[in-house]
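Structure record follows, encoded as structure tokens.
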Amino acid sequence: MVVFAGQGDARRSMELLWRAGVESRSAPGPKPALSVDLIVGAAIELADAEGMSALSMRAVGDRLGRTAMALYTYVPSKTELIDLMCDQVFGDLRDDHDLSGGWRLALVSLASDLWDFHLRHPWLLQVSYARPVLGPGEFRMQETVLRVLFATGLPAGQVRRLVGALLNVVRGAVQIAAESRLALKETGLSDEDWWRARTSALGELAPDLAERYPHVARLGEESAPPPAGVSYLEHEARLSFDAGVAVLADGIEAAIACAPRSDTA
């Protein structure tokens, strides 16, 4: 399921994201007043625990001990709520990556934080990049990434492309890791058990597999088992992530070496 952010009323969405004129409203009775921040926090907790498919205004209301109708006073619909959730978690990313050891170390640190961030909030992987939310959290995240990439000294045009390259490397690899965890939860079958059942049948039905597909067989021979407690697929996803970040950094170093240098007197 792909979710597109930024689908609500543009003006109202921007007001909520930037908290322009947003105030807590008193409600009768002993229960504390709701607020946009309280609703968004509950929605993030729900999505982190149960996934995007469990997210609804009613479910968030239940988590807060209120009705869905009570939430609509603060957040018009689930559409705006998703925008607010994305922006909130973007704003929680670290923004203090140490550049004293050079941009490459900072890039690796940033990429690793993005990996962990997406595994904490795997529902975010279902929100398309095609429609940004344009809130303060998202701009803060962009500023964090750009601070590291501009330290390369490359011009803005190249840095712009590197942002997309970095986020695609991270998102592509971490999605596999997140889906591996989801597969276990949804099917009750681990990666290892799934592979064991199918490779056993495959060995009987296609005994000449290695001869027919020698390069595929070579990959299997050279693969290493995952650490204890980590699924095979998540381990492979992390190795792909590490390799992707390293190759991207190598490419940046090559681009820096090829960049024209200004003459110094």
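All residue numbers in this chain count up from 1 along the given sequence.
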CZ (R12) and OG1 (T79) are apart, to the nearest 0.5 Å, by 13.5 Å
CG/L119 to CG/L124 distance, rounded to the nearest 0.5 angstrom?
11.5 Å
Sequence neighbours excluded and cut-off under 3.5 Å, please list the side-chain donor-acceptor pairs for residues 196-206, or say none.
residue : atom : partner : partner atom : Å
R196    : NH1  : D193    : OD1          : 2.6
T199    : OG1  : W195    : O            : 2.7
T199    : OG1  : R196    : O            : 3.3

D242 and R238 ion-paired at < 4.0 Å
yes
Take atom CZ in R218; do more than 12 heavy atoms of anything else shown fall under 6.0 Å from it?
no
Looking at S77 and M57, what are the two nearest heavy atoms and their distance?
C-SD, 3.9 Å
Please enumerate all residues that pass salt bridge (Lys or Arg N to Asp or Glu O under 4.0 Å) together with E192, with sequence neighbours excluded.
none
Tell me if a side-chain donor or acceptor on S112 pairs with a main-chain N or O of S109 at a distance below 3.5 Å.
no
Are L149 and Q158 close enough that some pair of their side-chain heavy atoms sits under 4.5 Å apart?
no
Side chains of W123 and V89 in contact at under 4.5 Å (non-hydrogen atoms)
yes
Smallest separation among heavy atoms of A111 and L166, with atom names
CB-CD1, 4.1 Å
Among residues at least two apart in sequence or on other chains, which ones pass side-chain hydrogen bond (donor to acceptor under 3.5 Å, both in side chains) with S100?
D98
Under 4.5 Å side-chain heavy-atom separation, chaining through any Ile, Leu, Val, Met, Phe, Trp or Tyr, what else clusters with L182? Say none if it is isolated.
none
Are V174 and F241 side-chain neighbours, meaning at least one heavy-atom pair lies under 4.5 Å?
no
Check step by step if side-chain contact (heavy atoms from CB on, under 4.5 Å) holds for V216 and L209.
CA-CA 9 Å; V216 176; L209 192 72; over 6 Å; no
Using the rule side-chain contact (heavy atoms from CB on, under 4.5 Å), only one of L134, V75, V40, V133 pairs with D83; which is it?
V133
Considering only NZ, NE, NH1 and NH2 on the basic side and carboxylate oxygens on the acidic side, decide whether E253 and R104 come within less than 4.0 Å.
yes
What pairs meet the side-chain hydrogen bond (donor to acceptor under 3.5 Å, both in side chains) rule with one or both residues in residues 128-149, with sequence neighbours excluded?
D95-R140
Hydrophobic cluster identity match, V108 and L154, side-chain contacts under 4.5 Å
yes
Is a donor on one side and an acceptor on the other found under 3.5 Å between the side chain of D87 and the backbone of G137?
yes
Between CZ of F90 and CZ of F117, what distance do you get to the nearest 0.5 Å?
5.5 Å
Can you name the residues that form a side-chain hydrogen bond (donor to acceptor under 3.5 Å, both in side chains) with D9, not counting sequence neighbours?
none
Rounded to the nearest 0.5 angstrom, the CH2-CG distance for W115 and L110 is 14.5 Å
Residues joined to I176 in its hydrophobic cluster, side chain to side chain under 4.5 Å directly or through other members, sorted by chain and number, are L233
Of the non-hydrogen atoms in G61 and L71, which two are nearest, and what is the gap between them?
N-CD2, 3.7 Å
Test side-chain contact (heavy atoms from CB on, under 4.5 Å) on W103 and I256; report intermediate values, then the result.
CA-CA 12 Å; W103 63 264; I256 293 170; 3.6 Å; yes
Quick one: side-chain hydrogen bond (donor to acceptor under 3.5 Å, both in side chains) pairs with a partner in residues 173-184, sequence neighbours left out?
Q175-E179, S180-D191, S180-S231, R181-E234
Rounded to the nearest 0.5 angstrom, the OH-CD1 distance for Y72 and I39 is 11.0 Å
Walk me through whether D37 and L84 qualify under side-chain contact (heavy atoms from CB on, under 4.5 Å).
CA-CA 9 Å; D37 289 341; L84 292 164; over 6 Å; no
All side-chain hydrogen bond (donor to acceptor under 3.5 Å, both in side chains) counterparts of D96, not counting sequence neighbours
R94
Decide yes or no for H97 and D113: does some side-chain heavy atom of the first lie under 4.5 Å from some side-chain heavy atom of the second?
yes
Spacing of I82 atom CD1 and S13 atom OG [to the nearest 0.5 Å]:
11.5 Å
Does a sphere of radius 6.0 Å around CE in M69 hold more than 12 heavy atoms from other residues, nucleotides or ligands, not counting ones at 6.0 Å or beyond?
no
Sub-4.5 Å side-chain heavy-atom contact between I252 and L107:
yes
Other than V2, which residues form its hydrophobic cluster under the rule that side-chain heavy atoms must be closer than 4.5 Å?
F4
Excluding sequence neighbours, so at least two apart, what forms salt bridge (Lys or Arg N to Asp or Glu O under 4.0 Å) with D92?
none
Qualifying salt bridge (Lys or Arg N to Asp or Glu O under 4.0 Å) pairs, either residue in residues 39-57, two or more places apart
E45-R63
